[in-house]
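Numbers here simply count residues along the sequence, with the first being 1.
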Amino acid sequence: MPKTAATPVSAADPSRWKALVFIALAQLMVVLDATIVNIALPSAQTDLGISDGNRQWVITAYALAFGGLLLFGGRIADKWGRKNAFVVGLVGFALASALGGAANSEAMMLGARALQGAFGALLAPAALSLLAVMFTDAKERAKAFGIYGAIAGGGGAVGLILGGFLTEYLNWRWTFFVNIPFAIVAAVGAWMVIREPAGSRNPAPLDIPGVVLSTTGLVALVYGFTRAESAGWSDTVTVAMFIASAALLAAFVLVESKVKSPLLPLRVLLERNRGGVYLSLGLAVIAMFGLFLFLTYYLQVVKGFSPVKTGFAFLPMIAGMILGSTQIGARLMTRVAPRLLMGPGFLVAAAGMLLLTQLEVGSSYPALILPAQLLLGLGMGTAFMPAMSLSTHGVNPADAGVASAMVNTSQQVGGAIGTALLNTIAASATTAYLADHAAEAAAGGAAARLVQAQAMVEGYASAIWWAVGILVASAAIALALINTGRPGAGDPVASGSGSAEDTGIKVPVIAH
């Protein structure tokens, strides 16, 4: 298609800001659910008789279904309509949450979590792609994605606070039931105010081989990391999962390059700005999700915090994320290149993580944990905002759903890998510490309890060192790959067909 200097966009939807409220509410629900269960997990584990070895599956079952099915959910949204996918996803998520709250066995709980993940995989890309096609003005887009980015980055920490309140003052089941009013309000509001732009659907037939290969490949990858924690890296099944994942995902790429209507057109991945976002954000989330789990257990088990106190202990991170996203990221997005927000943002987060490598049994919350969380929040909030906006940079409107799904896939798979990988590193370091202090541990009494606590903290600190390195790698990738300039209202925008490479696009704006 020939290059055009500019492609006119249709008049802005007058209800777009109202729609943003309901889209943001749904996104908050999805992100909350990814971490709200962390606080409730010890109580749920006791009530349902879940073993220590299986407790991680309460988190991982959700992430597996979510991460494995996101590409399929994004393409469904493109094909059947983002508003329709959004509402169906909300209703299904609410029903799955009701099932989780009513769970009376480990199997019922894990099934409910997998169902939540499946409906979340339909909901999340529909939400982000609705923003992509409804907000086309550069300044408005920066504000809308600033709000969305704050929720995507800070919602997980908010979930820890809400989870603490619900667990302590009601019971762990309300960490599931709380999703139901969120979903009802968001679904009714969305149905009433969202007006999806005409001509932005993708009528192409579904790529069933692509669905099967991508889903099984991603599930095998995450399961491999999860199994490594309990069975070890050299375990036959662990190794087989990694080999199977590599083969399935390689086959997926081959199929996508050959079929007429691919599930994930490779042009979505290969544009360097979008690819840089998916890769850097996925790595950063590995660090963040592992940290949520470590800090939760450190504060509750080592420091003896109550669930509510633990939740409030995460407030500095939430405040930092909101400030970073809405006051730094959104304000500077139209003035500086995105990589100059993302790269430094990840480095500031890495500095906060570096402070936490000094964690000890008697560490002071105000002197160490609070400033570390502020730095983490500011850095991640600043980086998340341009990342969310760039996830649909210059993409064909008909591919907006699957492009949105990719940024969610990178987060969810990153979260599952982070929980499993960093848990494995922490567990290995804890075991090594206990082996070195076996005599003290065998003595019993207060000395043994202290050694046990020191071993746990040693494990956390070892894993956090890895998280520092991962965040530095995220910064390097963002600075190296992302080369788009700052958004400007006069820059060319993407036409209804073609990619950023065709149009010379500099603005992450989608015309329709």
**Student:** Roughly how far, to the nearest 0.5 Å, is the CG atom of N423 from the CG atom of L421?
**Tutor:** 9.5 Å
**Student:** With the side chain counted from C-beta on, respond yes when P338 and T484 share a heavy-atom pair under 4.5 Å apart, and no when they do not.
**Tutor:** yes
**Student:** Where the side chain of Y297 meets the backbone of V302, is there a donor-acceptor pair that is under 3.5 Å apart?
**Tutor:** no
**Student:** Would you say that F22 contacts I194 through its side chain, given a criterion of any heavy-atom pair below 4.5 Å between the two side chains?
**Tutor:** no
**Student:** From T382 OG1 over to R331 CZ, what is the distance, rounded to the nearest 0.5 angstrom?
**Tutor:** 12.5 Å
**Student:** Could you check whether any side-chain N or O of N483 sits under 3.5 Å from a backbone N or O of N273, counting only pairs where one atom can act as donor and the other as acceptor?
**Tutor:** no
**Student:** Which heavy atom in A65 sits nearest to a heavy atom in A118, and how many Å separate them?
**Tutor:** CB-N, 3.8 Å
**Student:** Residues two or more places apart in sequence or in another chain: which of them pass side-chain hydrogen bond (donor to acceptor under 3.5 Å, both in side chains) with Q358?
**Tutor:** none
**Student:** If you look at every heavy atom in L370 and P366, which pair is closest and at what distance?
**Tutor:** CB-O, 3.9 Å
**Student:** Do L295 and T310 have side chains that get closer than 4.5 Å, going by heavy atoms?
**Tutor:** no
**Student:** Please list, chain by chain and in numerical order, all residues satisfying ring pair (Phe, Tyr, Trp, His ring centres under 6.0 Å) with F242, sequence neighbours excluded.
**Tutor:** F225
**Student:** Is the backbone N or O of M321 less than 3.5 Å from a side-chain atom of S325, with the two atoms forming a donor-acceptor pair by type?
**Tutor:** no
**Student:** Sequence neighbours left out, what passes ring pair (Phe, Tyr, Trp, His ring centres under 6.0 Å) with F177? Give chain and number order.
**Tutor:** W174
**Student:** Under 3.5 Å, which donor-acceptor pairs link side chains of residues 453-470 to any protein atom two or more places apart or in another chain?
**Tutor:**
{"residue": "Q454", "atom": "OE1", "partner": "Y433", "partner atom": "OH", "Å": "3.2"}
{"residue": "S462", "atom": "OG", "partner": "E458", "partner atom": "O", "Å": "2.9"}

**Student:** Kindly determine whether L41 and W172 satisfy side chain to side chain contact (heavy atoms under 4.5 Å, CB included), including the steps that lead there.
**Tutor:** CA-CA 8 Å; L41 186 53; W172 63 266; over 6 Å; no
**Student:** Under 3.5 Å, which donor-acceptor pairs do the side chains of residues 340-349 form with other protein atoms, sequence neighbours left out?
**Tutor:**
none

**Student:** Using every non-hydrogen atom in the two residues, find where L70 and A124 come nearest and quote the distance to one decimal.
**Tutor:** CD2-CB, 4.4 Å
**Student:** Can you check whether L281 reaches F384 side chain to side chain, under 4.5 Å on heavy atoms?
**Tutor:** yes
**Student:** For S474, does its backbone N or O pair with a side-chain atom of S280 as donor and acceptor, under 3.5 Å?
**Tutor:** no
**Student:** Taking atom NZ of K83 as the centre, does the number of heavy atoms from other residues, nucleotides or ligands within less than 6.0 Å exceed 12?
**Tutor:** yes
**Student:** Going by side-chain hydrogen bond (donor to acceptor under 3.5 Å, both in side chains), name the residues that satisfy it together with N171, two or more places apart in sequence or in a different chain.
**Tutor:** none
**Student:** Quick one, V277 and R274 - any side-chain contact, counting heavy atoms below 4.5 Å?
**Tutor:** no
**Student:** Among residues at least two apart in sequence or on other chains, which ones pass salt bridge (charged side-chain N to carboxylate O under 4.0 Å, His left out) with R339?
**Tutor:** none
**Student:** Test side chain to side chain contact (heavy atoms under 4.5 Å, CB included) on L90 and F182 and set out the steps.
**Tutor:** CA-CA 9 Å; L90 281 166; F182 274 93; over 6 Å; no
**Student:** Set out, in order, the CA-CA distance, both residues' side-chain angles and the distance that settles side chain to side chain contact (heavy atoms under 4.5 Å, CB included) for R75 and D78, then state yes or no.
**Tutor:** CA-CA 5 Å; R75 186 52 86 195; D78 285 335; 3.1 Å; yes
**Student:** Return the set of residues passing side-chain hydrogen bond (donor to acceptor under 3.5 Å, both in side chains) with Q116 (not counting sequence neighbours), or none when no residue passes.
**Tutor:** D33, S97, R113
**Student:** Report the distance from atom CD of Q373 to atom CD1 of I318, rounding to the nearest 0.5 Å.
**Tutor:** 8.5 Å
**Student:** If you measure from CZ on F93 to CD1 on I180, what distance do you get to the nearest 0.5 Å?
**Tutor:** 11.0 Å
**Student:** Report yes if some heavy atom in the side chain of I369 is under 4.5 Å from a heavy atom in the side chain of L299; otherwise report no.
**Tutor:** yes
**Student:** Under the side-chain hydrogen bond (donor to acceptor under 3.5 Å, both in side chains) test, which residues partner S306, sequence neighbours left out?
**Tutor:** E168
**Student:** Is any side-chain heavy atom of V268 closer than 4.5 Å to one of Y278?
**Tutor:** yes
**Student:** Holding to ring pair (Phe, Tyr, Trp, His ring centres under 6.0 Å), I want the full list of residues that pass it with F66, two or more places apart in sequence or in another chain.
**Tutor:** Y62
**Student:** Side chains of M288 and L376: closer than 4.5 Å at any heavy-atom pair?
**Tutor:** yes
**Student:** For V21, enumerate each residue passing the side-chain contact (heavy atoms from CB on, under 4.5 Å) test, keeping only those at least two apart in sequence or located in another chain.
**Tutor:** none
**Student:** Can you name the residues that form a ring pair (Phe, Tyr, Trp, His ring centres under 6.0 Å) with F305, not counting sequence neighbours?
**Tutor:** none
**Student:** So does K303 have more than 12 non-hydrogen atoms from other groups sitting under 6.0 Å from NZ?
**Tutor:** yes
